[in-house]
2 protein chains.
Amino acid sequence: MAATPLFRRIDVAPAYQKVADAIEREIINGRIKPGEPIGTEQQLVEQFGVNRSTVREGIRVLEEGGLIRRDSSRRLQACLPRYNKLATRLSRALILHEVTFRELFEASMTLEVASVEGAVERATDENIRELADNLARSAEVVGNPAVLAELDAEFHVLMAKASQNRVLQLAREPAAQLFFPTTEMIVGGVPEGGARLVEAHRHLLEAIKRRDKAAGVLWTRRHLQDWRRGFEKIASLDRSVEHTYMEHAYAARQ
Amino acid sequence: MAATPLFRRIDVAPAYQKVADAIEREIINGRIKPGEPIGTEQQLVEQFGVNRSTVREGIRVLEEGGLIRRDSSRRLQACLPRYNKLATRLSRALILHEVTFRELFEASMTLEVASVEGAVERATDENIRELADNLARSAEVVGNPAVLAELDAEFHVLMAKASQNRVLQLAREPAAQLFFPTTEMIVGGVPEGGARLVEAHRHLLEAIKRRDKAAGVLWTRRHLQDWRRGFEKIASLDRSVEHTYMEHAYAARQ
DNA sequence: CTTATGAGTTTGTCCGACAAAGCTAGATTT
DNA sequence: AAATCTAGCTTTGTCGGACAAACTCATAAG
């Protein structure tokens with residue numbers, strides 16, 4: 001195919017990219033720890049020997065990637081990428097790829113079941129307290145679809161947290177961000193929808209408390225099936241997640 | 001808590017952020033479709049009424065987010081975010097959060113099982129051809145851990161693709177990117193490791209062809225358990241994914 | 001019809017500048 | 001002496017202009 005390589009490929013990445021890569025490398029391999037300062041733009045200018053505009057473009061790249069942020073006084077520092085922010089990007093990608101609600105439902109079924117299994121096995125007292133608190137608040141707003149939907153999303157986040165598996169936590173988040181905004185429509189559109197939702201959460205919490213995995217899985221399945229039936233009343237599962245629908249998932253980012 | 005709000009919060013986001021947000025919004029809600037041009041920097045300068053440096057910083061943000069890219073002639077255009085690129089960022093986040101191999105293993109078990117179930121149900125002839133092709137190539141390099149590990153990763157990507165579920169495809173990718181680089185070490189360190197791996201893939205492909213879900217799940221479990229046993233010979237599952245380990249996952253990005 | 005050429009665009013980078021906001025430390029007041 | 005104020009220094013966000021390299025496109029030359 002290729003002729004014998006006499007020279008190595010020349011690195012032609014633009015300077016701002018190299019700046020970003022250099023800083024990123026230091027953070028990834030741990031030489032700069034989260035929370036530690038990166039230095040001022042002027043210092044970076046001197047260290048890299050490029051113009052401040054170039055440094056700033058590199059900084060934007062890292063900032064968007066969640067690797068660095070500016071503290072209260074706008075000074076640069078390394079930080080731990082927030083799942084939430086990354087998940088938003090992923091949700092965005094899923095929308096642009098026009099995934100269907102069926103795909104979303106199927107994947108969520110898998111991920112939520114895994115999540116509850118982990119929670120049943122490993123939930124701490126603190127986790128259970130948080131879930132119970134969420135449940136109590138939910139019970140008070142059964143008639144308010146908007147608030148209830150938000151609490152539902154939170155409940156599932158807490159369950160994922162209780163699974164003590166951060167990979168799972170991260171993996172379920174993008175789907176959940178697209179999945180749960182519809183909850184409001186569904187709970188609002190189905191009589192008894194709110195009550196059924198809270199009932200399911202109650203059984204889930206009970207299952208976690210009793211370390212009863214079978215019950216946890218069963219009620220997760222029912223809970224999601226409820227969502228599915230509700231959704232099918234207002235739309236087709238094979239419809240793709242709409243662009244306009246993004247408005248919801250979007251407002252939440254603020 | 002707060003006093004009655006007399007005025008709404010003033011928007012103080014920096015200009016480059018607003019530029020990025022404005023373009024992003026147009027893409028997300030579909031007014032600019034993937035592949036369509038955004039315009040030159042000069043045009044954006046005129047439209048937004050800000051300096052070119054400011055526009056460029058905004059562009060960097062979107063570029064890193066995968067929403068826009070430059071075509072062959074470096075002109076800006078909207079594009080579909082690539083799973084692969086996003087997954088790399090997630091993997092990076094997982095490393096910085098120091099997730100353990102146990103978390104990785106548990107999540108992967110769930111995701112790969114779901115993946116194979118989907119593949120058994122919905123794999124197309126084309127999917128099966130790709131898997132068979134991968135298997136044939138794997139069989140030829142049983143003795144070469146480096147190449148075999150790469151083909152193993154590809155096999156699982158193909159299986160996720162065969163599941164026809166893009167949400168799942170996306171969800172499994174970050175974990176896989178961290179999970180599979182160790183395959184080389186394991187296959188290289190365990191006698192018969194390569195042969196067992198290829199054998200598992202063969203059974204998986206058979207299961208998909210026969211639409212035999214039970215067999216598919218069984219062999220996925222075995223396959224991953226093999227990995228786990230191999231891993232435990234060289235390290236502890238409770239060790240966190242190391243920073244230095246990133247070198248592998250990192251080089252692959254190029 | 002293909003190739004070469006050359007003008008015009010566009011990007012990547014650099015330089016210098018300035019207002020606004022934050023920080024620091026000396027000066028002032030109680 | 002402790003608290004407060006003030007003025008200067010730093011840093012960021014934005015701007016304007018500039019230029020070389022790479023690319024586009026249309027026209028001229030073979």
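Labels below follow one simple rule: chain letters A, B, ... track the order of the sequence lines, proteins then strands, and each chain is numbered from 1. All values below come from the heavy atoms of this structure, side chains included, with hydrogens, waters and symmetry mates left out.
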Asks: From the 5' end of DNA chain C to its 3' end, which nucleotides mark the outer limits of contact with chain B, defined by a 4.0 Å heavy-atom distance cut-off (strictly under)?
Replies: C:dT10 to C:dT13

Asks: Whether B:R129 and B:E126 form a salt bridge (side-chain N of Lys/Arg under 4.0 Å from carboxylate O of Asp/Glu) is what I want to check.
Replies: yes

Asks: Ring pair (Phe, Tyr, Trp, His ring centres under 6.0 Å) with A:F48: which residues, sequence neighbours excluded?
Replies: none

Asks: Counting only pairs under 3.5 Å, give me each side-chain donor-acceptor contact of residues 152-163 of chain A, with atom names and distances, residues two or more places apart or in other chains.
Replies:
from, atom 1, to, atom 2, distance (Å)
A:D152, OD1, A:H156, NE2, 3.3
A:D152, OD1, A:H201, NE2, 2.6
A:D152, OD1, A:H223, NE2, 3.3
A:E154, OE2, A:N134, ND2, 3.0
A:E154, OE2, A:R137, NH2, 2.7
A:H156, ND1, A:E112, OE1, 3.2
A:H156, NE2, A:H223, NE2, 3.1
A:K161, NZ, A:E130, OE1, 3.1
A:K161, NZ, A:E130, OE2, 3.0
A:S163, OG, A:A160, O, 2.6
A:S163, OG, A:N165, N, 3.2

Asks: Rounded to the nearest Å, what distance is computed from the CD atom of residue A:Q77 to the P atom of nucleotide D:dT12?
Replies: 13 Å

Asks: Taking salt bridge (Lys or Arg N to Asp or Glu O under 4.0 Å) as the test, write out the residues that go with A:E57, two or more places apart.
Replies: B:R56, B:R60

Asks: Taking the nucleotide of DNA chain C with the nearest heavy atom to each, does A:R74 or A:Y16 sit closer to the 5' end?
Replies: A:Y16

Asks: For A:R75, which residues count as a salt bridge (Lys or Arg N to Asp or Glu O under 4.0 Å) partner, sequence neighbours excluded?
Replies: none

Asks: For residues 41-62 of chain B, which residues have at least one heavy atom under 4.0 Å from DNA chain D?
Replies: B:V50, B:N51, B:R52, B:T54

Asks: Not counting sequence neighbours, list each pair that qualifies as a ring-ring contact (aromatic ring centres under 6.0 Å, His included) and has a residue in residues 59-96 of chain B.
Replies: A:H97-B:Y83

Asks: Taking only residues two or more places apart in sequence or in another chain, which ones pass side chain to side chain donor-acceptor pair (under 3.5 Å) with A:Q77?
Replies: A:R69

Asks: State which residues pass side-chain contact (heavy atoms from CB on, under 4.5 Å) with B:Q47; sequence neighbours excluded, sorted by chain then number.
Replies: B:Q43

Asks: In whole Å, what is the span from the CG atom of B:D71 to the P atom of D:dC23?
Replies: 12 Å

